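Within every chain, numbering begins at 1; the chains are lettered A, B, ... in the order of the sequence lines, protein sequences first and strands thereafter. This is a predicted model, so every value here is computed, not measured. Keep in mind that the numbers below use all heavy atoms, side chains included, and drop hydrogens, waters and symmetry copies.
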Number of protein chains: 2
Amino acid sequence: MATIKDVAAAAGVSVATVSRVINNGPKVSDKNRAKVKQVMVDLGYRPNANARALVTQSSPTLGLVFSELTDPFFATLAGGVEKIAREHHRQLLISNGLVSADTERQAIETLLEQRCEALVVHSKALSDDELIAYAEANPAMVLINRHIPQIAHRCVWLDNRAGGEAAGRYLMSLGHQKIACVSSRYHIEDPQLRLEGLQQALAEAGQPLADIAIEHGDPNQTGGEVATQNLLSKNLGATAIVVYNDAMASGVISVLTDNGYRVPEDVSVIGFDDVLLSRYLRPKLTTMRYPIEMMAMEAAEMALSLSSGKTVSDCHKYVPTLVKRDSVLALRD
Amino acid sequence: MATIKDVAAAAGVSVATVSRVINNGPKVSDKNRAKVKQVMVDLGYRPNANARALVTQSSPTLGLVFSELTDPFFATLAGGVEKIAREHHRQLLISNGLVSADTERQAIETLLEQRCEALVVHSKALSDDELIAYAEANPAMVLINRHIPQIAHRCVWLDNRAGGEAAGRYLMSLGHQKIACVSSRYHIEDPQLRLEGLQQALAEAGQPLADIAIEHGDPNQTGGEVATQNLLSKNLGATAIVVYNDAMASGVISVLTDNGYRVPEDVSVIGFDDVLLSRYLRPKLTTMRYPIEMMAMEAAEMALSLSSGKTVSDCHKYVPTLVKRDSVLALRD
DNA sequence: TTGAAAGCGCTACCAC
DNA sequence: GTGGTAGCGCTTTCAA
């Protein structure tokens, strides 16, 4: 592959001049500029990004650590980050953290070795302390979907508890009194927070959630199916079910339907996330919207701002909003 | 950030020795090795990947050019590539081609500037000639979802035509005679090929697809809905509909249901792709499986093999397979 | 087993 | 406007 020297030699100018042309620098005669450009094309010259990064001490690259590209939720997250990277003409480097502490650490380290100028990290496995240390050592690193008070200004997060509360309040406002919950033991804190929010809302209204009304499952369709079967066998007589996420909710609806319950006429179901899926389900799923794409975009913008030395505001909390579709029925007006 | 010189100085050895330790090279005394390792930790030293890439003339990086992360189909593609990259301890660099010739070219150029050691490219907008030129200039570049005869050994592709044929044959084998098709004008050739396959299968059986039975729409749920409304207004009396992809099929089913047609009792529907969605739909969607993850994994493996000078076999054609679920009814046994 | 030094391709400074 | 050149952080000879 041709180097800058080859171009300089072929064009009969110095490497300095070629460099100026590459970088659209000033002070190059039109004649030389044209000539150099022509030679670059003829030789198929392509500047070496690594050499550039080495000498400028930074590469126009945005690193992203997260887990499962295949999961629609994470795909949307990645899509948001990619969009911002593209707008800013930055390369996107992706490392999978696999939701394990070792792998997440490894993923961050690799990206740091690449000298990415900015970093968006989705970490659920690393400790607060370790992330704080990373954040302090790397000014252009932003956390997404995580809230650590000491570095709050570097965290873009969702108030899961408020989401759980809102779901509970909404159902109660429609007259639901017997409410059940399909939660998850997914090894992150989100399910627990959503459940706590729900419990608090119900407790405040004097109709607390019975322990027996809570069922756990894997955070996917099958998990929702299994949990619902368990729930049904308890014969609770719930009129509404609050579910950890939309994927589980699809399983919930499926098992309810198979067992002769109509949704929402007999049982209302409310999901969480508002991934694409929720619009494909029948009935269309009422759910708490997790504005993950918007959050990912903000995280990426923040990281890029920080890398250029700008300061950012110190609160990036998002609150889930209710998306009313067809899976919840009003028991009264 | 500490450099190799800092480490060498602090450890009282030369940079050459430090380099040997970094690369697990031989010929370093245990004493020095331990000492250097300790110093690296103390200083928070992290090798500069750019400097390394510069001197070794290659970086352990796999580049991927494709379009929409958010689309489940592409997310699965990216997931497959990511998996292989991870297994081989390669970084993943992603560039969005946006299905436009200029952007796709730009995306490839950027990746080439990074001196990626291998490249997987999903291009629908660039011409055969241009891609052939790229492939010849870059031995470790592999195309996915595209078949160019001159560089067939570098193409991992799906026989869309065979998929259309198989769908048609299947429906006819179940006794369907009035078959309609919801296709797409998406600016790539896939829809056309699938339609041609279908037409051929029907023609061979002497029951050709009427022009009037073909409706086009955007390749998404809404497109499927609109196309189906148009189809219904023609009053064709079709007993089965072959749809371009699963997302459209969801729209097809939805409009059919809203208009009082039961699926599959009144009308059978068959999709294409077998994305996650097809299992969430009710009825579960019968569809032609596009083994995109497997294909993406093969493409990534191939690119990596090529980059290390290995040769690869010269045929990487995949054929869609029928996945029987619940949206197709047999009119006879 | 160790170190000195050349050089990867480029940018940016300084001199002209 | 232009060119010479130091040096970014690292690997890899070659000598010792």
Side-chain angles (χ1 to χ4, degrees), chain A residues 1-40 43-61 89 91 109-117 138, chain B residues 1-40 43-61 91 109-117:
Chain A
M1 168 128 300
T3 73
I4 197 173
K5 280 185 193 169
D6 301 326
V7 175
V13 299
S14 71
V15 295
T17 298
V18 177
S19 178
R20 289 183 188 107
V21 174
I22 295 172
N23 297 292
N24 281 315
K27 312 187 183 200
V28 181
S29 64
D30 287 350
K31 180 167 153 283
N32 272 344
R33 191 180 297 275
K35 173 140 203 185
V36 168
K37 283 192 171 171
Q38 183 56 51
V39 171
M40 293 200 298
L43 266 45
Y45 171 75
R46 220 167 263 128
N48 184 321
N50 293 302
R52 248 168 142 154
L54 180 58
V55 65
T56 60
Q57 299 282 33
S58 98
S59 75
T61 290
H89 302 291
Q91 266 305 301
E109 288 293 335
T110 317
L111 257 20
L112 255 19
E113 290 183 4
Q114 303 286 337
R115 302 299 189 266
C116 291
E117 80 172 279
N138 304 94
Chain B
M1 167 128 301
T3 73
I4 198 173
K5 281 186 191 168
D6 301 326
V7 175
V13 299
S14 70
V15 295
T17 298
V18 176
S19 176
R20 290 185 186 107
V21 173
I22 294 172
N23 298 292
N24 281 314
K27 312 187 184 200
V28 181
S29 64
D30 288 351
K31 179 165 153 285
N32 272 346
R33 191 180 297 274
K35 173 139 201 184
V36 169
K37 283 192 172 171
Q38 182 58 50
V39 171
M40 294 199 299
L43 265 45
Y45 171 74
R46 219 168 265 125
N48 184 321
N50 293 303
R52 245 167 147 158
L54 180 57
V55 66
T56 60
Q57 299 281 32
S58 100
S59 75
T61 289
Q91 267 304 304
E109 289 292 336
T110 319
L111 258 21
L112 256 19
E113 289 183 6
Q114 303 287 336
R115 302 298 191 265
C116 289
E117 79 172 277

Kindly say if S14(A) contacts the phosphate of dG4(D), meaning a side-chain N or O under 4.0 Å from OP1 or OP2. no

Base, sugar-phosphate, or nothing: which does V13(A) touch, judged by heavy atoms less than 4.0 Å apart? sugar-phosphate

When only distance counts, do a donor and an acceptor, one from the side chain of R20(A) and one from the base of dG3(D), lie under 3.5 Å apart? yes

Please confirm whether the shortest side-chain N or O distance from N32(B) to OP1 or OP2 of dT1(C) is below 4.0 Å. no

Distance, rounded to the nearest Å, where N24(A) contributes CG and dC10(C) contributes P: 16 Å

Against the side chain of A16(A), the closest entry in dG3(C), dG4(D), dT11(C) is dG4(D)

Distance check: side-chain N/O of T17(B) vs OP1/OP2 of dG3(C), anything under 4.0 Å? yes

Measuring only between side-chain heavy atoms, which start at C-beta, is Q91(A) closer than 4.5 Å to P60(A)? no

Does N50(A) reach a base, just sugar-phosphate, or nothing at all? Heavy atoms under 4.0 Å. nothing

Nearest to the side chain of V28(A), heavy atoms from C-beta on, is which of dA4(C), dT2(D), dT11(D)? dT2(D)

Kindly compute the distance separating CG (N48(A)) from CG (L54(B)), expressed to the nearest 0.5 Å. 6.0 Å

Closest of dT11(C), dT2(D), dA12(C) to the S29(A) side chain is dT2(D)

Using the side-chain heavy atoms of Q57(A), tell me which of these nucleotides is nearest: dG9(C), dG3(D), dC8(D). dC8(D)

From CZ of R33(B) across to P of dT2(C) the rounded distance in Å is 9 Å

Spacing of D6(A) atom CG relative to dC8(C) atom P, expressed in whole Å: 11 Å

Any idea which of dT11(D), dT2(D), dC8(C) is nearest the K5(A) side chain? dC8(C)

Using 0.5 Å steps for rounding, measure from the NZ atom of K27(A) to the CG atom of N32(A). 15.0 Å

Touch class at under 4.0 angstrom, heavy-atom based, for P26(B) against every strand present: nothing

Whether R52(B) contacts dC10(D) is assessed here as follows: a side-chain N or O lying under 4.0 Å from the phosphate OP1 or OP2. Is that the case? no

Which nucleotide sits closest to the side chain of N48(A): dG9(D), dC10(C), dT12(D)? dC10(C)

Would you mind reading off the distance between K27(B) atom NZ and dC14(D) atom P, rounded to a whole angstrom? 13 Å

Flag, side chain of N50(B) to backbone of Q114(A), donor-acceptor distance under 3.5 Å: yes

Reported CZ-to-OG distance for the pair R52(A) and S58(A), which is rounded to 0.5 angstrom: 11.0 Å

From C-beta outward on V55(A), which listed nucleotide comes closest to its side chain: dG3(C), dG7(D), dC8(C)? dG7(D)

Identify whether any heavy atom of T3(B) sits under 4.0 Å from a base atom; if not, whether one sits that close to sugar-phosphate; answer base, sugar-phosphate or nothing. sugar-phosphate

Given dC10(C), dT2(D), dT11(D), the nucleotide with the shortest approach to the side chain of I4(A): dC10(C)

CG of N23(A) versus C1' of dA12(C): gap in Å, rounded? 10 Å

Go through dG3(C), dC10(C), dT2(D) for me and flag the one nearest to the Y45(A) side chain. dC10(C)

Rounding to 0.5 Å, atoms CD (Q57(B)) and CZ (R115(B)) come to a distance of 8.0 Å

Nearest listed nucleotide, side chain of L54(A), among dG9(D), dT5(D), dT11(D): dG9(D)

